[in-house]
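I have placed the structure first, in the form of structure tokens, so that the comments after it can refer back to it.
This structure is a prediction, so every number in the text was calculated from the model and none was measured. One-based numbering along the sequence shown.
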Amino acid sequence: MRSKKRIWLTAALATTAVAGVLVFEGVTGDSPADTDAKSGPAGPDVHATALKVADDGTSATLGKRDTAPFSMLGITWTDPAAKVTGVVEVRTRSAADGTWTPWLPLDTDVTGRAETGRADVRGGTEPRWVGPSNGVEARINTGGKVSSKLPAGLRLDTVDPGRGTLNAEPAAFAADLPGAEDPAATPTAEPSDPVAPEPTAPDTGTEPSGEATPTTDPTPDASEPAGRTPTPTASTSPSRSASTPPAPTLPPAPPSTVPKPPIVSRAGWGADESMSPEAPEYLNGVKAVFVHHTAETNNYSCADSAAIVRGLYAYHVKANGWKDLGYNFVVDKCGTVFEGRKGGVDRPVFGAHTYGFNRDTAGIAVIGTYTDAAAPTAATTAVARVAAWKLGQYKVDPAGTTTLTAGATGGNFAGTRFTSGTAYTFNTVSGHRDGFNTQCPGTKLYGQLPAIRSLAAGPVTGLTVKSVTGAGLSGTTYYTKSAVTVGWSASTPSVFVSKYELLVDGKSVATAAGTATSAKATLAVGTHKVQVRATHQSGKVTTSTAVTVVADQSAPSFTTKPNLALRTGTVNTTAVPLTLKWTATDTAALKEVRLTAPVAKTYGPTTTSASHTAKSGAATAWPMTAYDWAGNTATASVSGTPVILQESSGQKTGTWTTKSSTSYLGGKSYSSSSKGASLSWTFTGRSAALVVSRAATSGQVYVYVDGVKTSTVDLKSSSTKYRDALWTKTWSGSAKHTVKIVVVGTSGRPAVTTDGLVYLK
């Protein structure tokens, strides 16, 4: 039996023009599966395939099949006011590796009436970006409820966004669009605010009571809202006619109170302007923006964003039957902003994005699904920039509220009911769900709207001084000699900051760009309050908490010069115990004192002594530097030579016995148990220490200094100790002294063992 082949009709061959709207006919059958999805047409290509509806009208299917290449899809139906109450799912086959996705839901919580009154407008799901694909399957199930019968005319629309090459001669109005000079342009940011020469409706000063209805008829009819003159349209011919009169020039666009963000023009993302030949329509102004999400996927590469925008454009025009892309702006997750509906990004272009509230508003859609996942910071930042700029053209506060007149009767997600012709209060930055019963822009993104308003409206938040370079921090006070670099941070992105100012004692001493994070200042001697002031692009000002900075040029001082003294401890010829003492002060705040030799040590501001050792017989210098927190310094130094006098060099009286051991200094020592036996040493120095050996049976000695008894020293120790400096004496200066020890003859333990005397010269 001969198989029936599906006849695939391209956008150019499978369309009929009805008042400028493209209507598609779907056919069933098989199609080639080996088509390369990446070699699609220059312009978008849309294929429509009817779904098979069950006899009871509660379910519909489209069997698994091969398709022409596509990257986006959605399901549409005839009545734009109808809704699908069941679950709509699709799955697709990757053109790259042939794998099938799991079943993917399509959002039915939308309305096709955004351009109500327009002929052949269809209802539909939110389009879903699936990436290059060549196979599809679809199913709809309402749960078997006859009361939830599916709408008529169900079909699957698959969209190949094409490569984005424009016609050589687009429609007359398209050539005058911002960035349309280069029809083959790759996505680039629009550098300036061009003045578009499209015609505009005269301002009658009358607000219509209903939702505007696009028209291609220059003569008003019953569907045209009262109080607005329809905009003349350009020729729908793909080439410009020599007899076509030049379009009237629009007046200059109103300047905004804030800078314009970079915006990829329609030419930049590859809009095929011949696909939507009708001229744009304009509002009197923009009082609010509505934020949306679209394309139902977050798993896309930002390199594909232009293709996604082309897909949205084709879906809205060719599948939904709208005159153009519904949103005024589209933002991807990387923060790139794309021009949406034609007419000039700096104009109040009449869009189709929030049923009942398209008038006096602009629509900003973020590519992605943000019901369970928050939108990336780059995306919310871009939304805030667009909102601030667009509202700034009409002096509207992004953090404020406004009144909008409902153009249709309906309700929103929160249950508020709207009556056509009645005014309602909205935030000037609202979510789609505020104006229509939908979850859009998703629970997470909707929860980010307060932060978006704050970014757009200002002031700068989170401003704080983070550092003062060139100064030392002690507690909460910085100290410097004079020159400092003050660093800061803010939670508000730099694109919203007009400038930063460095304040010293309330006066601006330096101005920096909004991208800056530091500035320099030179401070006079004294105590100062230093702050940073940020000016948001809205003009609102924020000033950081002040930090105290003391400019100090006075050096610290050593009120007690460094000095050395012998101390108790174990004596070796290479390590004689010493104590290094000093006192340093500063008029502002002393930071530390550093010893640089014979070892490197750093001491805190309250430390005045430290234990060290020095080699005997060698002169050693001890240089020190005091630092204050401002970096001022003072230096001082002391030198000393420890000298070991062996016991044998002393003058002795009474009985002394020589003892030998490697544990003694020089290998020998003197020992005596004879009461009254003595040893004396005479030297010239500033400090002295008696060196002994100790044990549990050791006795006592009297110590005489320059003939005067000064102390009684007990050599007893629970553990044996050798070369132990047990007694010390220090003088204010170097002089000649005699130190004598006399054996006490302690009962039961009369023996004493001396290992000599150490003095410091």
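Of all heavy-atom pairs between V638 and P562, the closest is CB-O, 3.3 Å. Shown here for V744 and K675, the closest heavy-atom pair between the two residues is O-CG, 3.3 Å. The two residues P642 and K615 come nearest to each other via the heavy atoms CD-O, 3.5 Å. In terms of heavy atoms, A555 sits closest to T633 at CB-O, 3.4 Å. Minimum interatomic distance between I364 and A387 (heavy atoms only, all atoms of both residues): CD1-N, 4.0 Å. Minimum interatomic distance between A388 and P398 (heavy atoms only, all atoms of both residues): CA-CG, 4.1 Å.
A cation-pi arrangement, defined by a distance under 6.0 Å to the six-membered ring centre and an angle within 45 degrees of its axis, is absent between R594 and Y603. Annotation: cation-pi geometry satisfied between K333 and Y300 (NZ/CZ under 6.0 angstrom from ring centroid, within 45° of ring axis). Annotation: cation-pi geometry not satisfied between K444 and Y370 (NZ/CZ under 6.0 angstrom from ring centroid, within 45° of ring axis).
One N or O on the side chain of S538 and one on the backbone of A457 form a donor-acceptor pair closer than 3.5 Å. Side chain of S467 to main chain of T469: no donor-acceptor pair is present (N/O by atom type, distance under 3.5 Å, no hydrogens or angles). Between the side chain of W656 and the main chain of S678, a donor-acceptor pair closer than 3.5 Å is present. A donor-acceptor pair is defined here as one N or O able to donate and one able to accept, closer than 3.5 Å; no such pair exists between the side chain of T738 and the backbone of T682. Listed for the T548 side chain is no donor-acceptor partner under 3.5 Å among the backbone atoms of K529. Counting only distance, with no hydrogens or angles, the side chain of Q553 and the backbone of K481 share a donor-acceptor pair below 3.5 Å. In this structure, the side chain of T480 engages the main chain of G470 through a donor-acceptor pair within 3.5 Å. Put simply, the side chain of D552 never gets that close to the backbone of Y479: no donor and acceptor are under 3.5 Å apart. Between the Q700 side chain and the V713 main chain, no donor and acceptor come within less than 3.5 Å of each other. Looking at S256, its side chain does come within 3.5 Å of a backbone N or O of W389 through a donor-acceptor pair.
For the pairing with E501, the side chain to side chain donor-acceptor pair (under 3.5 Å) check across R533, K507, Q531 returns one residue only, R533.
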Determine whether H612 and W622 satisfy the following criterion, ring-ring contact (aromatic ring centres under 6.0 Å, His included), listing intermediate values before the conclusion. CA-CA 11 Å; H612 289 281; W622 303 78; 5.2 Å; yes
What's the verdict on side chain to side chain contact (heavy atoms under 4.5 Å, CB included) for L595 and L580, showing C-alpha distance, side-chain angles and the deciding distance? CA-CA 10 Å; L595 173 67; L580 176 65; 4.1 Å; yes
Can you list the steps and then say if V758 with S616 is a side chain to side chain contact (heavy atoms under 4.5 Å, CB included)? CA-CA 9 Å; V758 179; S616 67; over 6 Å; no
Under the side chain to side chain contact (heavy atoms under 4.5 Å, CB included) criterion, do V484 and V468 qualify, and how do the steps go? CA-CA 6 Å; V484 294; V468 181; 3.8 Å; yes
In sequence, state the C-alpha distance, the side-chain angles, and the governing distance for T485 and K520, and then conclude on side-chain hydrogen bond (donor to acceptor under 3.5 Å, both in side chains). CA-CA 4 Å; T485 300; K520 299 180 183 296; 3.3 Å; yes
Please determine whether side chain to side chain contact (heavy atoms under 4.5 Å, CB included) holds for the pair L564 and T579, giving the CA-CA distance in whole Å, both sets of side-chain angles, and the decisive distance to 0.1 Å. CA-CA 6 Å; L564 294 168; T579 297; over 6 Å; no
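Using modelled atom types, one finds a donor on one side chain and an acceptor on the other under 3.5 Å when comparing D97 with S94. When only modelled atom types and interatomic distance are considered, T461 and S491 share a side-chain donor-acceptor pair under 3.5 Å.
Annotation: side chain of F683 is not in contact with side chain of V643 (no heavy-atom distance under 4.5 Å). At least one side-chain heavy atom of T710 sits less than 4.5 Å from a side-chain heavy atom of W727. No side-chain heavy atom of K581 sits less than 4.5 Å from a side-chain heavy atom of T560. Here the side chains of R749 and K716 are in contact, with some heavy-atom distance below 4.5 Å. Side-chain contact check for T297 versus T369: every heavy-atom pair is 4.5 Å or farther apart. You'll find the side chain of D372 stays beyond 4.5 Å of the side chain of T443, heavy atoms only. Two residues are said to be in side-chain contact when any heavy atoms from C-beta on lie closer than 4.5 Å; L665 and V691 meet this criterion. A heavy-atom distance below 4.5 Å is not found between the side chains of I308 and D332.
Heavy atoms from other residues, nucleotides or ligands lying under 6.0 Å from NZ of K601 number 12 at most.
Note that the CZ atom of F496 and the OG atom of S454 stand 9.5 Å from one another [nearest 0.5 Å]. To the nearest 0.5 Å, the span separating NZ on K499 from OG1 on T535 amounts to 5.0 Å. Note that the CZ atom of R723 and the OG atom of S693 stand 8.0 Å from one another [nearest 0.5 Å]. Here the straight-line distance linking atom OG1 of T377 with atom CD of Q448 works out to 7.5 Å at 0.5 Å rounding. The CG atom of N563 sits 11.0 Å away from atom CG of L578, with the distance rounded to the nearest 0.5 Å. Of the inter-residue distances, the one linking T653 atom OG1 with L679 atom CG reads 7.5 Å to the nearest 0.5 angstrom.
In this structure, D628 does not pair ionically with K591, as no charged nitrogen and carboxylate oxygen lie closer than 4.0 Å.
Ring to ring, W488 and Y500 are close: their centroids are under 6.0 angstrom apart.
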